[in-house]
Amino acid sequence: MEETDSQPPGKPQKGDTQRTSLRLYREGVSISDIATQRGLSTGTIEGHLASFIPTGEIDVKQLVPEDKIQTILTAIRSVGGSAPGPIKSRLGDGYSFGEIRAVMTWSRSTPPTPSSNSSPD
């Protein structure tokens, strides 16, 4: 008798789907193409890839242009909380939820470092 571990047949184990997205991304497949191939949304694929930021398998700069990171961090600090919606509202259409979530994940997993442009709040 097969052990199903209470998962429907054919459903990947937790973590396998993220690893599949990571593998494809490392093979040079774009996020939108991964989403199309896998029948998932681009936001889901961005979330899969962002989950590897704390492990160092993905660098936040691979998912978010460097010039956007500081602006997103500033908005996160200004708005507070962990919901990306209010942060997205503050930043506008030039920033995606995927970019915001990636920077949020990165900021939670990276110890603060002094920066030359920091100023007291």
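By the side-chain contact (heavy atoms from CB on, under 4.5 Å) test, T71 is found to be paired with L91, Y95, residues two or more places apart in sequence or in another chain being considered. Applying the side-chain contact (heavy atoms from CB on, under 4.5 Å) rule to K88 yields the partners D93, F97, I100; only residues at least two apart in sequence or on another chain are considered.
To the nearest 0.5 angstrom, Q18 atom CD is 11.5 Å from E57 atom CD. Note: I76 CD1 to R108 CZ = 8.0 Å, rounded to the nearest 0.5 Å. With rounding to the nearest 0.5 Å, the separation of CD1 in I34 from CD in E27 is 9.0 Å. Between atom CD1 of residue I72 and atom CD of residue E99 there is a gap of 5.5 Å, rounded to the nearest 0.5 Å. Between the OG atom in S21 and the CZ atom in R26 there is a gap of 12.0 Å [rounded to 0.5 Å]. Note that the CD atom of Q37 and the OG atom of S30 stand 8.5 Å from one another [nearest 0.5 Å].
Here the closest non-hydrogen pair linking P86 and V79 is CB-CG1, 3.6 Å. In terms of heavy-atom proximity, V60 sits nearest to A102 at CG2-O, 3.9 Å.
L49 places none of its side-chain heavy atoms less than 4.5 Å from the side chain of Q62. A 4.5 Å side-chain heavy-atom check between T44 and T17 finds every atom pair outside the cut-off. When side chains are defined from C-beta on, I87 counts as touching M104, because their heavy atoms get closer than 4.5 Å.
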For Q70 and L73, run side chain to side chain contact (heavy atoms under 4.5 Å, CB included): C-alpha distance rounded to whole Å, both residues' side-chain angles, the deciding distance at 0.1 Å, then the answer. CA-CA 5 Å; Q70 189 57 51; L73 280 172; 4.1 Å; yes
Apply the test side chain to side chain contact (heavy atoms under 4.5 Å, CB included) to residues Y25 and I58: give CA-CA distance (whole Å), side-chain angles for both, the deciding distance (0.1 Å), then the verdict. CA-CA 10 Å; Y25 185 75; I58 288 280; 3.8 Å; yes
Assess whether side chain to side chain contact (heavy atoms under 4.5 Å, CB included) is satisfied between R23 and T20, documenting all intermediate values. CA-CA 5 Å; R23 179 182 52 78; T20 299; 3.8 Å; yes
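Side-chain atoms of S109 come within 3.5 Å of backbone N or O of T105 as a donor-acceptor pair. Distance alone, capped at 3.5 Å, places no donor-acceptor pair between the K61 side chain and the I69 backbone.
Residue E66 places its CD atom among 12 or fewer non-hydrogen atoms of other residues, nucleotides or ligands, all under 6.0 Å distant.
Residue I45 forms a side chain to side chain contact (heavy atoms under 4.5 Å, CB included) with just one option from L22, L24, I31, and that option is I31.
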